[in-house]
S.K.: 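Input: one structure, supplied below.
Below, chain A is the first sequence line, B the second, and so on; all start at residue 1.
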There are 4 protein chains.
Amino acid sequence: MTAKTKKHADPALAETRRNQVLCAAAECFKRKGYHGAGMAEISKTAGMSAGHIYNYFASKEAIIESIIQRDMEEMISLFQEFGDKPGDLTTILIDSLDEGVERHTNTDCKALHLEMLSEAARNDKIASLLQQSDTHARNEMRKLLIGERGSLQAASTREVDARIEVMFSMMGGLLLRRVLNPALDKTGILIALRPAMKTLLLPFDDKEK
Amino acid sequence: MTAKTKKHADPALAETRRNQVLCAAAECFKRKGYHGAGMAEISKTAGMSAGHIYNYFASKEAIIESIIQRDMEEMISLFQEFGDKPGDLTTILIDSLDEGVERHTNTDCKALHLEMLSEAARNDKIASLLQQSDTHARNEMRKLLIGERGSLQAASTREVDARIEVMFSMMGGLLLRRVLNPALDKTGILIALRPAMKTLLLPFDDKEK
Amino acid sequence: MTAKTKKHADPALAETRRNQVLCAAAECFKRKGYHGAGMAEISKTAGMSAGHIYNYFASKEAIIESIIQRDMEEMISLFQEFGDKPGDLTTILIDSLDEGVERHTNTDCKALHLEMLSEAARNDKIASLLQQSDTHARNEMRKLLIGERGSLQAASTREVDARIEVMFSMMGGLLLRRVLNPALDKTGILIALRPAMKTLLLPFDDKEK
Amino acid sequence: MTAKTKKHADPALAETRRNQVLCAAAECFKRKGYHGAGMAEISKTAGMSAGHIYNYFASKEAIIESIIQRDMEEMISLFQEFGDKPGDLTTILIDSLDEGVERHTNTDCKALHLEMLSEAARNDKIASLLQQSDTHARNEMRKLLIGERGSLQAASTREVDARIEVMFSMMGGLLLRRVLNPALDKTGILIALRPAMKTLLLPFDDKEK
DNA sequence: CATGAATGAGTTTTCATTCAT
DNA sequence: TATGAATGAAAACTCATTCAT
């Protein structure tokens, strides 16, 4: 169902066209939102007729679903990078925060992701895709944290899951921060983000519990 | 434009009607989203004709703007409560986390707030209102933290602002968590949320910096 | 489901509007066929906006369904007339042939009925409505023929039904004749139609069987 | 425009291709109707690309026109069979009724013929072709009936024409019967069809006139 | 103050047809 | 000869908004 319904003579061209549409749609959704962007605009941006898009996607909805799936795949490879990097895991994660902030506050992404999230509230298919993606991310993170290089081998599952939720909340919340405070000091934020993340990655002091 | 353009003979009735509409609209937006809910549905929920709504609000957009403003006022009074409560501020804030998690993961609100946030990406008026509200919240929080009862009198403005951003990001991010993980353990999450918040409220250890 | 979904404040006006639409649609379907006539044309003919039609009919399909139901009701009252008329039934039916030919070869109706019939081939709802109407007509006719005033009290059900089918086929076929032979001699046709109908109404001679 | 505009290098191949298209189109029109069947479906059924069809037919309309013409030719040869058969003409025609009922109530054909007939109401070219075909059929039938083996040599032209019209109406009407009464007893119907046809083929008794 | 009938621009989607290869 | 990618002009339907009553 992903891309292989063979009605296209030239699969390479088809893939190119699908990508044109996906990029154009992402672009338009960022600017105008899912509902705000019409097929007309998307088709103009993609450099092809509106009708032709329907040779590659069954509906407008199918387009945003594809975008989500594409994002999901990116995200998966991101976690693999973490696992592959040598060195202390906590340090790796803390050091990747700069990049993480950048990614989550990137103006381009913010609109698109919020769009997806709010669409999820009323579109079950989209909700399900996003949830699937998130579940995957949580699983990967859990594997890292309780793995042999992880810092939380001793912690209970419930505690680890709570930590993951809060980490994800903290990072995901940055999406909103950029909307709510456009003047956000993206560098300065690390002053507080690093200690908080460290707290979430390392065992709690007894008194803290 | 806020609420006072007095073209209404009976201002009290007008205010009642405005509220009916606001509540009905909030209700509908929660269920169906801003775009999903039509004026017809809103008017039925509000118990008045669609046309009549336009005697109180210039447009559908004006309705959501009013809802935001109303939320803003609620939020302001929330901060005042914090300031008014006696006792150690850090403790008060930590203790209010239970309630805060509840508020941010409440299924009802999530849709509405995400709706507003994603609408903000394409609607400057809404963006500006939300930002105004957020700025206010940050200011109030800053006042608390560096005030005489606060724990961060010694910290630099940049650091305090960073802490606030991360706190807000962490709490606001919960909105997304509920969408992305409907099975979210709302109680368990506090296991990690409290230590992280404590880190953000208390001076950092030297080594942490 | 017929007309009573109470969302209209003024039922009389609503009925008027429904009729405007029904008449306009019938008119357009006659001229251009079901697929050929667009909502734009129908709305212009009905003297109201296209969008407004949807306050009275859920879809274009619902419109043709209503037209069919209306025709069905006309047809029912037609049979009642036959039953109510005094005198010899065979004579009544034979005498009504003139009028029957007129009705079935009427240019206005032909297009609309053919339209419905060919739409029935691919639209189950319409097929079902037409079949329901036809079943009713056959039942009424059977009642007349085997009733106390009928000429076929002695005949087997299968024979009576066969007669009815052929009668209906012969009359219904006139719809097609007018299309296939526009120069059709509507008066002359009775020269042959009367004897054929008489054969179908009276007991067969032994040799005929 | 009929078939001979020789722009094709290999006329035999061209004829093969035309037939492929014609058969495929007939097949599709039967299943989905003229409007319901798309060129894409037809081309797939015909085993050639959509674009290529336009090398053999100027338009979708031209295809149905060709189908009609082909049907017309079949019909002509049918009448020739009648003429060629030895024996009493009335008996031949009555005996052919079984087969005739079968042909007219055949589920496959019904959709296609109704499709053509209702298309005729709005498409002059098609109407004209069908009328031409019908005229031919009437002429052939008239020749048979007033010919030396015919039973109506003594009848007036008007009467003969009326008889033919009614016969055709009765047989053609069967198309509609099958749509309106899917449970139609195809064998039983002959009980009434044969006497009615006999009446139409033999001189009327005086009293009948 | 209040209604809801009416509008019309805007939406996604379909499909016969063309044309570069 | 043959392909199928590409077009664009429709189509049915929705909905915020207006206005006569």
S.K.: Taking only N and O in the side chain of His52(D), is any of them less than 4.0 Å away from OP1 or OP2 of dT1(F)?
M.R.: no
S.K.: Can you measure Glu61(C) atom CD to dA12(F) atom P for me and round it to whole angstrom units?
M.R.: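 To the nearest whole Å, that distance equals 12 Å.
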S.K.: By nearest nucleotide on DNA chain F, pick out whichever of Ala40(C) and Asp10(D) is the more 5' one.
M.R.: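 It is Asp10(D), whose closest nucleotide lies nearer the 5' terminus.
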S.K.: Base, sugar-phosphate, or nothing: which does Ala58(C) touch, judged by heavy atoms less than 4.0 Å apart?
M.R.: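 No contact.
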S.K.: Send over the distance from Ile53(C) CD1 to dA11(F) P, rounded to a whole Å.
M.R.: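 Taking atom P of dA11(F) as the reference, CD1 of Ile53(C) is at 14 Å.
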S.K.: Counting the atoms with a prime plus P, OP1 and OP2 as sugar-phosphate, which does Ser59(D) contact under 4.0 Å by heavy atoms, base, sugar-phosphate, or nothing?
M.R.: sugar-phosphate
S.K.: Taking only Lys NZ, Arg NE, NH1 and NH2, and the carboxylate oxygens of Asp or Glu, determine whether Glu61(C) and Lys125(C) approach each other closer than 4.0 Å.
M.R.: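 No salt bridge links Glu61(C) with Lys125(C).
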S.K.: Round to a whole Å and report the spacing from CD1 of Ile42(B) to C1' of dG4(E).
M.R.: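 About 17 Å, once rounded to whole Å.
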S.K.: What is the distance, rounded to the nearest whole Å, between atom NE2 of His35(D) and atom C1' of dC15(E)?
M.R.: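 The distance from NE2 of His35(D) to C1' of dC15(E) comes to 12 Å, rounded to the nearest Å.
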S.K.: So Phe57(C), base contact, sugar-phosphate only, or nothing? Heavy-atom distance under 4.0 Å.
M.R.: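 Counting heavy atoms under 4.0 Å across all strands, no contact is made by Phe57(C).
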S.K.: Do the side chains of Arg70(B) and Asn19(B) get nearer than 4.5 Å, heavy atoms only?
M.R.: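 A side-chain contact exists here, since the closest heavy-atom pair is under 4.5 Å.
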S.K.: Looking at dT14(E), which nucleotide sits across from it as a Watson-Crick or G-U wobble partner, both distances under 3.5 angstrom, or is there none?
M.R.: dA9(F)
S.K.: What nucleic acid atoms does Ala62(D) come within less than 4.0 Å of, heavy atoms only: base, sugar-phosphate, or nothing?
M.R.: nothing
S.K.: Which nucleotide, dA6(F), dA12(F), dC1(E), lies nearest any side-chain atom of His8(B)?
M.R.: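 That would be dC1(E).
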S.K.: Any strand counts, and the cut-off is 3.5 Å on both contacts for Watson-Crick or G-U wobble. Which nucleotide pairs with dA20(E)?
M.R.: dT3(F)
S.K.: Quick check against the 3.5 Å criterion: does Lys60(A) have a side-chain atom that pairs as donor or acceptor with the backbone of Ala37(A)?
M.R.: yes
S.K.: Can you tell me the distance, in whole Å, between the CE atom of Met39(D) and the C1' atom of dA9(F)?
M.R.: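 It is 17 Å, rounded to the nearest whole Å.
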S.K.: If you find the nucleotide of DNA chain E closest to Gly51(A) and the one closest to Asn55(C), which residue's nucleotide is nearer the 5' end?
M.R.: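 Nearest nucleotide further toward 5': that of Asn55(C).
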S.K.: For a quick test of reading the model: is some side-chain N or O of Tyr56(C) closer than 4.0 Å to OP1 or OP2 of dA5(E)?
M.R.: no
S.K.: Kindly say whether Ile126(B) contributes a backbone atom to a donor-acceptor pair with the side chain of Glu65(B) at under 3.5 angstrom?
M.R.: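 Side chain of Glu65(B) to backbone of Ile126(B): no pair is present.
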S.K.: Taking the side chain as C-beta and beyond, is there a heavy-atom pair between Arg31(C) and Thr45(C) under 4.5 Å?
M.R.: yes
S.K.: Could you work out which one of dA6(E), dT3(F), dC1(E) sits closest to the side chain of Leu13(B)?
M.R.: dC1(E)
S.K.: How would you label the contact of Ala14(D) with the nucleic acid (heavy atoms, under 4.0 Å): base, sugar-phosphate, or nothing?
M.R.: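 It contacts nothing in the nucleic acid.
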S.K.: Taking for each residue the nucleotide of DNA chain E with the nearest heavy atom, is it Tyr34(D) or Ala50(A) whose nucleotide lies nearer the 5' end?
M.R.: Ala50(A)
S.K.: dT7(E) P sits how many Å from Met48(C) CE, rounded?
M.R.: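 In whole Å, dT7(E) P and Met48(C) CE are 8 Å from each other.
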S.K.: Rounded to whole Å, please give me the gap between CD in Glu41(D) and P in dT14(E).
M.R.: 15 Å
S.K.: Does Gly38(B) reach a base, just sugar-phosphate, or nothing at all? Heavy atoms under 4.0 Å.
M.R.: sugar-phosphate
S.K.: Does a side-chain N or O from Tyr54(C) land closer than 4.0 Å to OP1 or OP2 of dA6(E), or not?
M.R.: no
S.K.: With both distances kept under 3.5 Å, what pairs with dT14(F), Watson-Crick or G-U wobble?
M.R.: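 Pairing partner: dA9(E).
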S.K.: Please round to the nearest 0.5 Å and tell me the distance separating atom CE of Met48(C) and atom CG of Asn55(C).
M.R.: 9.5 Å
S.K.: Whole-Å distance between dT14(F) P and Lys60(B) NZ?
M.R.: 15 Å
